[in-house]
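Notes for the one structure printed next.
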Amino acid sequence: MRRRAIVALLLAAVLAPFAGAIVPRPLLAPAAAGGDQPRRILVLSNPIHTDIALPADPDVLDRLGFLQASGLPVADPAVKWLVVGWGGRSFYLETPTWSDLKPGPVLRALTADSAAMHVAVAGEIDQAAEGIVPIDMSEAAFADMVKAALDGFARDARGEPILIEGRSYGPYDRFYEGVGTFNAVVGCNTWTGAVLRRAGLRTGWWNPLPQSLVWSLRAFNDLP
């Protein structure tokens, strides 16, 4: 009996991400908003992580004006996208490449870690490339989604995002203190899904993996 229980738990752990992908959230599709020029964002995915790329348009640069104060070249005409993601602080800061992988950050990511926000600037992105999901949305939905992304930044007494000083992968990215706790259940991909749902998109009910999140986005939404 004990062996059967262990096998059942292991099977449930394996199947849970797939089950979470096929149950839509919300269950009913929201009414489509129209009437204005759609705004395009990109969901960027790799085998373990997702980010959201926001267009480097004047209104977005104004909302994220704190980036320039940190030294990011957001005013450079070559910058076309601002790539924003939420993740575990230790894993983010201590694992710039796979060769830097260490047990400590991995253990904290699986159990409990403070959150951090990562922002990078990017030029043109091939929207037909693997791991890129273009999404068009109304102006109102776009504004709601940007606000949801900004809610991920922890703020100081003046209401300003808190830069993690001296920590970046290079000259084109920065880290900020984040809101919340990162773990194996509530991770970067569930954060991405929650931000997208604020824009009226549907995702799977629980998407800890990029693959299930991307599948659910394509299955439950009318994407370009």
Side-chain angles (χ1 to χ4, degrees), residues 5-30 41-54 83-98 100-120 129-135 145 148-154 175-221 223:
I6 292 173
V7 171
L9 285 173
L10 290 174
L11 185 61
V14 170
L15 295 179
F18 300 99
I22 64 176
V23 179
R25 183 177 183 181
L27 286 172
L28 300 178
I41 64 141
L42 307 175
V43 175
L44 315 181
S45 66
N46 64 35
I48 65 168
H49 180 76
T50 51
D51 289 308
I52 297 173
L54 306 174
V83 181
V84 181
W86 181 93
R89 194 181 192 278
S90 296
F91 196 93
Y92 251 156
L93 298 180
E94 299 178 39
T95 318
T97 67
W98 285 114
D100 299 300
L101 190 65
K102 296 184 287 291
V106 172
L107 180 61
R108 284 190 286 274
L110 292 174
T111 54
D113 192 6
S114 300
M117 296 294 296
H118 185 232
V119 184
E130 185 176 356
I132 310 295
V133 181
I135 300 176
M145 192 211 62
L150 287 170
D151 287 345
F153 290 84
F175 287 101
Y176 295 82
E177 300 291 357
V179 172
T181 300
F182 182 98
N183 56 52
V185 176
V186 181
C188 53
N189 305 304
T190 59
W191 180 87
T192 300
V195 170
L196 295 174
R197 287 194 297 274
R198 287 277 292 273
L201 291 156
R202 299 171 85 199
T203 71
W205 197 262
W206 181 58
N207 296 119
L209 302 175
Q211 296 83 358
S212 63
L213 175 60
V214 168
W215 183 90
S216 69
L217 284 170
R218 295 191 186 280
F220 303 134
N221 302 278
L223 301 185

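Just so you know, residue 1 is the first one in the sequence shown, and it goes up from there. Hydrogens, waters and symmetry mates play no part in the numbers below; they use all other heavy atoms, side chains included.
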Could you walk me through whether I52 and T192 pass the side-chain contact (heavy atoms from CB on, under 4.5 Å) test, one step at a time?
-> CA-CA 7 Å; I52 297 173; T192 300; 3.9 Å; yes
Gap separating the [atom1] atom of [X] from the [atom2] atom of [Y], nearest 0.5 angstrom:
| X | Y | atom1 | atom2 | value |
| --- | --- | --- | --- | --- |
| D51 | W86 | CG | CH2 | 13.0 Å |
| C188 | L209 | SG | CG | 9.5 Å |
| L54 | L42 | CG | CG | 9.0 Å |
| I41 | M145 | CD1 | CE | 4.5 Å |
| T203 | L217 | OG1 | CG | 6.5 Å |
| M117 | R89 | CE | CZ | 14.0 Å |

Residues in salt bridge (Lys or Arg N to Asp or Glu O under 4.0 Å) contact with R218, at least two apart in sequence or another chain = none
Between [X] and [Y], which heavy-atom pair has the shortest distance, and what is it?
| X | Y | answer |
| --- | --- | --- |
| A154 | G178 | CB-O, 3.7 Å |
| N189 | P208 | ND2-O, 2.8 Å |
| A149 | V195 | N-CG1, 4.1 Å |
| L223 | P134 | CB-O, 4.2 Å |
| G204 | S216 | N-OG, 2.9 Å |

Aromatic contact, F182 with W191 (centres under 6.0 Å) | no
Does a donor on one side chain sit under 3.5 Å from an acceptor on the other, for D100 and T97?
-> yes
Where does the angle between the aromatic ring planes of H49 and Y92 fall among parallel (under 30°), tilted (30 to 60°) and perpendicular (over 60°)?
->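 Ring orientation of H49 relative to Y92: perpendicular.
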Measure the acute angle between the ring planes of F153 and Y176, then classify it against the limits of 30° and 60° as parallel, tilted or perpendicular.
-> perpendicular
How far apart are the C-alpha atoms of V83 and H118, what are their side-chain angles, what is the distance that settles it, and do they pass the side-chain contact (heavy atoms from CB on, under 4.5 Å) test?
-> CA-CA 8 Å; V83 181; H118 185 232; over 6 Å; no
Do the non-hydrogen side-chain atoms of [X] and [Y] ever get within less than 4.5 Å of each other?
| X | Y | answer |
| --- | --- | --- |
| N183 | D113 | no |
| R25 | R202 | no |
| N221 | I135 | no |

Determine the sole option in L213, V23, V185 for which the side chain to side chain contact (heavy atoms under 4.5 Å, CB included) test with W206 is passed.
->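 The passing option is V185.
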Sequence neighbours excluded, which residues qualify as ring pair (Phe, Tyr, Trp, His ring centres under 6.0 Å) partners of F91?
->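 Partners of F91 by the ring pair (Phe, Tyr, Trp, His ring centres under 6.0 Å) criterion come out as none, since no residue qualifies.
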Got a sec, which pairs hit salt bridge (Lys or Arg N to Asp or Glu O under 4.0 Å) with one end in residues 178-195, sequence neighbours left out?
->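 Residue pairs passing salt bridge (Lys or Arg N to Asp or Glu O under 4.0 Å), neighbours aside: none found.
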